[in-house]
Amino acid sequence: MRRLASWVKERDRVLVMGALNVTPDSFYDGGRYLTPTDAIERALQMGREGADIIDVGGASSRPGAKPLSSIEELKRVMPVIEGVRNRSAVLLSVDTTRASVAKEAIACGASIVNDISALRFDPEMAGMIAEGGVFVVLMHMLETPETMQDNPVYTDPVEEIKSFLAERIEAALDSGVPRERIIIDPGIGFGKRLEHNLTILRGLSSFTDLDVPILIGLSRKSFLGEILNLPAGERLEGTIAANAVAVINGADIIRVHDVKEGRRTADVARRLRNDEP
């Protein structure tokens with residue numbers, strides 16, 4: 001936690017968040033790490049490859065995903081978080097919209113709650129995060145994962161998403177979450193068409209006006225598949241290119257499936273940024 005707090009002040013490097021989905025149906029790695037043993041080993045591997053944070057998620061948020069019970073979500077994520085914490089000092093994040101899941105994860109050592117609903121789905125989430133003294137990622141998403149891609153429409157994607165995130169930052173502050181523990185994510189692919197995603201990446205520097213770290217998650221997503229006409233398993237090069245652009249335009253954290261490649265991309269792209277230290 002201290003390492004993360006120190007980084008928020010300095011922001012002298014880009015952090016790499018390794019995505020670890022312990023789900024049967026996530027769009028890329030669903031089904032690969034269903035057993036705690038496999039998931040823990042993958043987390044440790046990502047740590048060796050340069051991940052600063054491991055983001056553990058038990059409920060798929062792919063387009064069209066159905067809601068999961070909190071009991072099942074806890075069964076999936078808790079053994080992994082406990083196992084990784086017992087064997088590694090890597091920072092842990094829990095990818096959840098439920099306060100009950102976040103609370104258990106925090107008790108086992110998670111330092112970040114990655115909430116794709118930006119504290120909207122569970123009225124207890126904001127207060128629990130404030131009380132737990134952890135970091136929170138506030139992400140923009142239209143509606144729910146089940147419906148977000150039905151008909152996403154924007155007049156000005158960057159300004160509309162920026163306005164939404166500014167409002168959610170204020171909501172978090174009003175609930176007692178300090179600004180220095182807030183991270184934002186414009187939500188690439190969450191209720192966005194191809195051109196919306198590209199517009200967000202081109203205009204990412206605008207989000208720095210909100211004065212909190214920016215996380216971007218675009219690893220192997222469908223908009224890259226639209227550009228390349230390739231399935232998720234063949235979108236690594238597209239991911240590298242898009243992450244480089246995101247970092248140059250102001251991203252402070254990149255969320256990736258391929259940590260080794262993400263770490264190298266982040267380190268080079270950070271040196272190309274105008275505010276390179």
Could you walk me through whether Arg220 and Val256 pass side-chain contact (heavy atoms from CB on, under 4.5 Å), step by step? CA-CA 8 Å; Arg220 295 183 180 266; Val256 298; over 6 Å; no

Rounded distance [0.5 Å steps], [atom1] in [X] versus [atom2] in [Y]:
X      : Y      : atom1 : atom2 : result
Glu237 : Leu230 : CD    : CG    : 8.5 Å
Ile254 : Ser219 : CD1   : OG    : 8.5 Å
Ile253 : Leu215 : CD1   : CG    : 5.0 Å
Ile184 : Leu210 : CD1   : CG    : 4.5 Å
Met148 : Leu142 : CE    : CG    : 9.0 Å
Asp258 : Arg264 : CG    : CZ    : 12.0 Å

Hydrophobic clusters here meaning ILVMFWY residues chained together by side-chain heavy-atom distances under 4.5 Å, can you tell me if [X] and [Y] are in one?
X      : Y      : answer
Phe207 : Leu198 : yes
Leu68  : Val113 : no
Val158 : Leu194 : yes
Val247 : Val8   : yes

Find out whether [X] and [Y] are in side-chain contact, i.e. whether some heavy atom of one side chain is under 4.5 Å from a heavy atom of the other.
X      : Y      : result
Asn249 : Leu201 : no
Tyr154 : Ile161 : yes
Val136 : Arg181 : no
Glu159 : Ser206 : yes
Asp252 : Trp7   : yes
Val56  : Val22  : yes
Val77  : Thr96  : no
His140 : Phe190 : no

Closest approach of [X] to [Y] (non-hydrogen atoms, all atoms of both residues):
X      : Y      : value
Ala242 : Leu224 : CB-CD2, 4.1 Å
Ala246 : Leu218 : CB-CD2, 4.4 Å
Ala126 : Leu119 : CB-CD1, 3.9 Å
Leu74  : Pro79  : O-CD, 3.9 Å
Met78  : Ala105 : SD-N, 3.8 Å
Val16  : Ala266 : CG2-CB, 4.3 Å

Filter on salt bridge (charged side-chain N to carboxylate O under 4.0 Å, His left out), then keep only pairs touching residues 92-113, sequence neighbours left out; what's left?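 Qualifying pairs, neighbours excluded: Glu73-Arg98, Asp95-Arg255.
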
In a table with atom names and distances, give each donor-acceptor pair under 3.5 Å that connects a side chain of residues 164-178 to protein atoms at least two apart or in another chain.
{"residue": "Arg168", "atom": "NE", "partner": "Ala118", "partner atom": "O", "Å": "2.9"}
{"residue": "Arg168", "atom": "NH2", "partner": "Ala118", "partner atom": "O", "Å": "3.1"}
{"residue": "Ser175", "atom": "OG", "partner": "Ala171", "partner atom": "O", "Å": "3.1"}

Give a yes or no answer on whether the side chain of [X] reaches the backbone of [Y] with a donor-acceptor pair at less than 3.5 Å.
X      : Y      : answer
Glu180 : Ala5   : no
Ser88  : Val84  : no
Thr199 : Glu195 : yes

Asn197 meets the side-chain contact (heavy atoms from CB on, under 4.5 Å) criterion, sequence neighbours left out, with Ile188, Lys192, Phe223

So, using side chain to side chain donor-acceptor pair (under 3.5 Å) as the criterion, who are the partners of [X] when residues are at least two apart?
X      : result
Ser111 : none
Arg263 : Asp52, Asp267
Asn151 : Arg193
Arg202 : none

Taking 4.0 angstrom as the limit, do Arg11 and Asp275 come out as a salt bridge? no

So, using salt bridge (Lys or Arg N to Asp or Glu O under 4.0 Å) as the criterion, who are the partners of [X] when residues are at least two apart?
X      : answer
Lys75  : Glu72
Asp185 : none
Lys162 : Asp209

If you apply the rule side-chain contact (heavy atoms from CB on, under 4.5 Å), what do you find for Cys108 with Arg85, and how did you get there? CA-CA 7 Å; Cys108 284; Arg85 178 47 66 239; 5.9 Å; no

Look at atom CD1 of Ile71 and say whether more than 12 heavy atoms of other residues, nucleotides or ligands are closer to it than 6.0 Å.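 No, the 6.0 Å shell around CD1 holds no more than 12 heavy atoms from other groups.
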
If we ignore angles and hydrogens, is there a donor and acceptor under 3.5 Å between the side chains of Asp150 and Thr147? no

Quick one about Ser205 and Thr208 (side-chain donor to acceptor, distance below 3.5 Å, no hydrogens or angles considered), yes or no?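 No - no donor-acceptor pair under 3.5 Å links their side chains.
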
Taking only distance into account, with no hydrogens and no angle test, what donor-acceptor pairs under 3.5 Å do side-chain atoms of residues 39-51 form with protein atoms, sequence neighbours excluded?
{"residue": "Glu41", "atom": "OE2", "partner": "Arg87", "partner atom": "NH1", "Å": "3.0"}
{"residue": "Glu41", "atom": "OE2", "partner": "Arg87", "partner atom": "NH2", "Å": "3.3"}
{"residue": "Arg42", "atom": "NE", "partner": "Tyr33", "partner atom": "OH", "Å": "3.4"}
{"residue": "Arg42", "atom": "NH1", "partner": "Gln45", "partner atom": "OE1", "Å": "3.0"}
{"residue": "Arg42", "atom": "NH2", "partner": "His257", "partner atom": "O", "Å": "2.8"}
{"residue": "Gln45", "atom": "NE2", "partner": "Glu49", "partner atom": "OE2", "Å": "3.3"}

Suppose the criterion is side chain to side chain donor-acceptor pair (under 3.5 Å): which pairs have a residue in residues 113-132, not counting sequence neighbours? Asp55-Asn114, Asp115-Ser117

Test side-chain contact (heavy atoms from CB on, under 4.5 Å) on Leu204 and Ile216 and set out the steps. CA-CA 9 Å; Leu204 195 64; Ile216 201 83; 4.1 Å; yes

